[in-house]
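This report concerns only the one structure given below.
Side chains are part of it too, since the values below use all heavy atoms of this structure and drop only hydrogens, waters and symmetry mates. These numbers were taken from a predicted model, which means no experiment stands behind them. Both ligands and their constituent atoms are indexed starting at 1 by order of listing. We number each residue from 1, following the sequence as shown.
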Amino acid sequence: MIDSILAGNARFRSDEYAPHEDYYHTIAEQQKPKVLWIGCSDSRVSEDIITNSRPGTLFVHRNIANIVAFNDVNIAAILDFALLHLKIKDIVVCGHTRCGGIAALETGNVEDSYIADWLCIASEALDKTEAAARRRKLTHEQKMELLVQENVKLQIRHLSQIAVVKRLRKKRHWPRLHGWVYRVETGGIDIVVDGNEVGRSG
Ligand SMILES: [Zn+2]
């Protein structure tokens, strides 16, 4: 497997890098990504590929179940750098269908304690979804779909409460916060939170 990844890099150099050498030399000097992407670590949701974006387009943070945690130095540093230095004005939180992290959140059957602790941060989305599932008599599949969406909405709310984001949005009306769900079954993206709407309403 490792050999095929290195062989893939050789093909990338010959088929993509070499024909677009000017572009790659420009971004080698300085990156100017326009979007911060917060996604899941799942191997099926590679942001550059599913959005057909070249290197240099997206500044990226990925973790299990695309969670925006408070007291997380990792995401805090990412946000500082993305917003204060790169001046990125759009943040996308992208969840996805058939997310293993979200499935574990729903069943609660997680033996690894760090993963269980991590998923606790999304428990508000689970409570909301379970109430809606009972009220609307959702099937398990519909419930899982709703949970993925509710988790994205919750993480957008978390993001909007983080100090640097809150301060900038109050003063400058950016970053805009976009909530999306990528469908692994079709390759399509659904908009769950319209960042432009959120931006306008402040
Ligand atoms: Zn996932």
Passes side-chain contact (heavy atoms from CB on, under 4.5 Å), F59 versus W37? Steps please.
CA-CA 6 Å; F59 194 64; W37 178 277; over 6 Å; no
Ignoring hydrogens and angles, write down the donor-acceptor pairs under 3.5 Å from the side chains of residues 88-97, residues two or more places apart or on other chains.
residue : atom : partner : partner atom : Å
K89     : NZ   : K87     : O            : 3.4
D90     : OD1  : R176    : NE           : 2.8
D90     : OD1  : H178    : NE2          : 2.6
D90     : OD2  : R176    : NH2          : 2.8
T97     : OG1  : V184    : N            : 3.0
T97     : OG1  : E185    : OE1          : 2.9
T97     : OG1  : E185    : OE2          : 3.2

Can you give each donor-acceptor pair under 3.5 Å made by side-chain atoms of residues 69-80, sequence neighbours left out, with the distance rounded to 0.1 Å?
residue : atom : partner : partner atom : Å
D72     : OD1  : N74     : N            : 3.0

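Checking side-chain atoms of N63 against main-chain N and O of N66 turns up a donor-acceptor pair under 3.5 Å.
Near the Zn ion (ligand 1), less than 2.8 Å away, sit the protein N, O or S atoms C40 SG, H96 NE2, C99 SG.
Residues near Y114 contribute nothing to a hydrophobic cluster around it, because no ILVMFWY side-chain heavy atom sits closer than 4.5 Å to its side chain.
Taken to the nearest 0.5 Å, the CZ atom of R98 stands 10.0 Å off from the CZ atom of R183.
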